[in-house]
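Below, all heavy atoms of this structure are taken into account, side chains as well, without hydrogens, waters or symmetry copies. Keep in mind it's a predicted model, so treat the numbers as computed, not measured.
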Amino acid sequence: MDKQNKNSINDVEDHLNKVSGNPTKINTSGVPKGIRIIGYSFVTFLVLLILVVIYTVLFK
């Protein structure tokens, strides 16, 4: 087992993580600022859309 893959339980899981390329840690601070703003605005839009749909269904 590698020193990098400390969270694998056994050699089979370690091999599977190496072959399939599952990342152990994801660095989200490396995402460009513009893409983060677009992502946040998209999620906000979806949440507001769901709230408006729930409001219109309940208080028709």
Side-chain angles (χ1 to χ4, degrees):
M1 186 168 15
D2 286 341
K3 293 178 182 176
Q4 294 175 349
N5 292 332
K6 291 181 181 178
N7 14 348
S8 58
I9 296 171
N10 54 24
D11 292 336
V12 175
E13 185 180 348
D14 184 45
H15 175 73
L16 180 64
N17 285 337
K18 286 181 185 176
V19 171
S20 63
N22 294 332
T24 55
K25 291 184 180 179
I26 298 174
N27 184 8
T28 57
S29 65
V31 179
K33 190 175 185 179
I35 294 176
R36 273 189 288 169
I37 291 173
I38 291 171
Y40 291 146
S41 61
F42 182 71
V43 170
T44 305
F45 173 75
L46 286 178
V47 169
L48 289 176
L49 182 67
I50 290 171
L51 290 175
V52 167
V53 167
I54 290 172
Y55 180 77
T56 57
V57 168
L58 291 178
F59 302 110
K60 207 173 194 183

Problem set entry | Atom pair CD1 (Ile35) and OH (Tyr40), whose distance is rounded to the nearest 0.5 Å |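 Going from CD1 on Ile35 over to OH on Tyr40, the span is 12.5 Å.
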
Exercise. Distance from Leu49 atom CG to Thr44 atom OG1, nearest 0.5 Å?
Worked result: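 Rounded to the nearest 0.5 Å, the CG-OG1 separation comes out at 12.5 Å.
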
For this session: Compare every heavy atom of Val53 with every heavy atom of Thr56, then report the nearest pair and how far apart it is.
Result: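 For Thr56 and Val53, the tightest heavy-atom pair comes out as OG1-O, 2.9 Å.
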
For this session: Tell me whether Ile50 is reachable from Leu58 by hopping between hydrophobic residues (I, L, V, M, F, W, Y) whose side-chain heavy atoms are closer than 4.5 Å.
Result: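 Yes: a chain of side-chain contacts under 4.5 Å links Leu58 to Ile50.
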
